[in-house]
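Here is the structure we will look at, set down as C-alpha cells.
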Amino acid sequence: MSSAKGRALLVTDTVIGYKAFENSGITEITLADTVKEIDFAFGGCDKLTTVNYNGTVSGWASIYMHGTGNHILAYAGGLNIGGQRVKNIVVNNIDEFGLGFAGTDITSVKIGSGVKKVSGSAFNGCKELVSAEIADGVEIGLNGSLFRFCEKLESVKLPSDMKIIPQSMFESCYALQQINLPKGLTHIDNMAFRDSGLTSIVIPASVVRIGAFAFEYCYDLKSLRSISFEDTAENWQIRPHVNTFGFFAGRPRCYG
C-alpha cells in the first residue's frame, strides 16, 4: 500500500512493481522495511530527490532490485536512513548484497564474512567511493562490473580466496594506483583493469589466464616493465594469455 501527501509517498508494499511510478512527479519517497523487491519502477522520475528507508543498511542491501538502469536512487543519488545520508556501508550476515547502492554517493564499503555473496554490479558507478573491503569467503558475482566507474576508489582489499577478477571489475577506476591480488588467483578477465590508474601490479604465479584488454589504456603503467609476475619467464610464456596489454610494448619483469 502507498499513501501520498502532496508529492511525497510512503510505500509499505512488499513488492514495487514494473513501471509503478514511471514518469510520475514524486519528489520524495519513504519505503518501509517491508519492501523486499523493486522492479523497474522509477523510470523518468527525474524530480525524485529524496529517498528514505525505514530500516537498516543491511535491509536495504538485501532488497532484490531488477537492474540499475532506472532504480529508485538513480535521480536521488543516495539514500537516507534515520534522517541521515548513508555514506559508509558496513554490512554482515545477509545472503546477498544486491544493487541498492549502485550509482550512489557512498564513500566507503566494508563487507563482512557473514555476507554470502556480493552482486557483480553492486557498486558500479559509485563515483565518490574511496575505499572498499570484502572479507574472506565472500563470493563476488561474475555477471557485472563491481567497481566500474568508481573514479575515486583508492584502496581495495579483496577476499584472500578469490579466484577470478571478473570482467571490467576495476574499469575506469582512475584513482586506483595499486592493488594486492590474492595469491590463489587464477583468472583476470577481459578489461578487468581497463582505463584504471594503476602504476604497478604483481601478477600471482597461480594466474593461468589474463583476458583481452585487461590493462588497456592503463597509461600510468607506462610499459610492461611496470608489471611483475611471481613466476619464471619460461613458465609464463606457455600460458594461454591473449590480447593482454593492448598497446604496451616491452617485456614484463618475471621472478621466481
Side-chain angles (χ1 to χ4, degrees), residues 33 35-38 53 55-65 67-68 71 73 78-79 81-82 84-126 128-150 152-171 173 175-189 192-193 196 198 201-208 230:
D33 60 4
V35 176
K36 303 301 180 185
E37 180 179 347
I38 301 176
Y53 179 59
T56 65
V57 170
S58 294
W60 182 264
S62 63
I63 294 175
Y64 178 64
M65 297 197 181
T68 60
H71 78 74
L73 300 180
L79 178 71
I81 293 179
Q84 299 293 321
R85 189 76 153 193
V86 178
K87 291 288 190 177
N88 303 301
I89 306 297
V90 179
V91 173
N92 204 349
N93 296 323
I94 62 174
D95 286 340
E96 181 168 355
F97 193 110
L99 303 174
F101 289 100
T104 65
D105 57 2
I106 58 173
T107 58
S108 70
V109 171
K110 186 173 183 180
I111 306 295
S113 58
V115 177
K116 294 181 180 179
K117 182 178 181 179
V118 175
S119 173
S121 297
F123 308 111
N124 191 331
C126 292
E128 300 299 318
L129 184 63
V130 175
S131 65
E133 180 178 339
I134 304 175
D136 297 349
V138 178
E139 178 186 353
I140 295 176
L142 302 179
N143 59 336
S145 312
L146 187 60
F147 296 110
R148 188 184 186 195
F149 298 128
C150 293
K152 296 183 180 180
L153 184 64
E154 298 176 354
S155 173
V156 178
K157 182 180 183 299
L158 298 174
S160 63
D161 52 350
M162 187 176 183
K163 301 299 183 185
I164 299 174
I165 303 292
Q167 180 169 317
S168 297
M169 183 172 181
F170 296 102
E171 184 176 358
C173 291
L176 186 66
Q177 296 184 353
Q178 295 182 334
I179 187 170
N180 293 324
L181 298 180
K183 293 295 185 181
L185 190 73
T186 60
H187 289 67
I188 299 175
D189 214 339
F193 293 96
S196 70
L198 286 176
I201 192 168
V202 175
I203 308 296
S206 54
V207 171
V208 296
E230 290 182 332

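None of the values given here were measured: they were computed from a predicted structure.
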Identify all side-chain donor-acceptor contacts of residues 131-140 below 3.5 Å with residues at least two apart in sequence or on another chain.
| residue | atom | partner | partner atom | Å |
| --- | --- | --- | --- | --- |
| D136 | OD1 | S160 | N | 2.9 |
| D136 | OD1 | S160 | OG | 3.2 |
| D136 | OD2 | S160 | OG | 3.0 |

What pair of heavy atoms forms the shortest contact from [X] to [Y], and how long is it?
{"X": "F147", "Y": "C173", "value": "O-SG, 3.1 Å"}
{"X": "S121", "Y": "S145", "value": "OG-N, 3.6 Å"}
{"X": "A192", "Y": "I165", "value": "CB-CG2, 3.7 Å"}
{"X": "I94", "Y": "A61", "value": "CD1-CB, 4.0 Å"}
{"X": "C126", "Y": "G103", "value": "SG-N, 3.6 Å"}
{"X": "G184", "Y": "K163", "value": "O-CD, 3.4 Å"}

Separation of [Y] [atom2] from [X] [atom1] (nearest 0.5 Å):
{"X": "D189", "Y": "S168", "atom1": "CG", "atom2": "OG", "answer": "8.5 Å"}
{"X": "Y53", "Y": "L79", "atom1": "OH", "atom2": "CG", "answer": "9.0 Å"}
{"X": "E154", "Y": "L129", "atom1": "CD", "atom2": "CG", "answer": "10.0 Å"}
{"X": "I179", "Y": "L198", "atom1": "CD1", "atom2": "CG", "answer": "7.5 Å"}
{"X": "L153", "Y": "E128", "atom1": "CG", "atom2": "CD", "answer": "12.0 Å"}
{"X": "L99", "Y": "F123", "atom1": "CG", "atom2": "CZ", "answer": "10.0 Å"}

Less than 4.0 Å between a side-chain N and a carboxylate O, is that true for E96 and K116?
->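 Looking at K116 and E96, the cut-off is not met.
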Got a sec, which residues hit ring pair (Phe, Tyr, Trp, His ring centres under 6.0 Å) with F149, two or more places apart in sequence or on another chain?
->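 For F149 there are no ring pair (Phe, Tyr, Trp, His ring centres under 6.0 Å) partners, ignoring immediate neighbours.
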Tabulate below the donor-acceptor pairs under 3.5 Å that side-chain atoms of residues 85-92 make, not counting sequence neighbours, or state none.
| residue | atom | partner | partner atom | Å |
| --- | --- | --- | --- | --- |
| R85 | NE | D105 | OD2 | 3.0 |
| R85 | NH2 | A76 | O | 3.1 |
| R85 | NH2 | D105 | OD2 | 3.0 |
| K87 | NZ | D105 | O | 3.3 |
| K87 | NZ | D105 | OD2 | 3.3 |
| N88 | OD1 | T107 | OG1 | 3.1 |
| N88 | OD1 | S108 | OG | 2.7 |
| N92 | OD1 | G114 | N | 2.5 |

Would you please test I188 and I203 for side-chain contact (heavy atoms from CB on, under 4.5 Å) and show each step?
-> CA-CA 9 Å; I188 299 175; I203 308 296; 3.8 Å; yes
For H187 and V208, run side-chain contact (heavy atoms from CB on, under 4.5 Å): C-alpha distance rounded to whole Å, both residues' side-chain angles, the deciding distance at 0.1 Å, then the answer.
-> CA-CA 6 Å; H187 289 67; V208 296; 3.8 Å; yes
Please step through side-chain contact (heavy atoms from CB on, under 4.5 Å) for the pair F101 and V109, ending with a clear verdict.
-> CA-CA 10 Å; F101 289 100; V109 171; over 6 Å; no
Should we count CG of D33 as having more than 12 external heavy atoms under 6.0 Å?
->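 Counting other residues, nucleotides and ligands, CG of D33 exceeds 12 neighbours.
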Do other residues, nucleotides or ligands put more than 12 heavy atoms under 6.0 Å from K110 NZ?
->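 Atom NZ in K110 is not packed in, count stays at 12 or less.
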Is there a side-chain contact (heavy atoms from CB on, under 4.5 Å) between M169 and L158 once you walk through the steps?
-> CA-CA 12 Å; M169 183 172 181; L158 298 174; 3.8 Å; yes
Is any side-chain heavy atom of V57 closer than 4.5 Å to a side-chain heavy atom of I81?
->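 Contact flag for V57/I81 side chains = yes.
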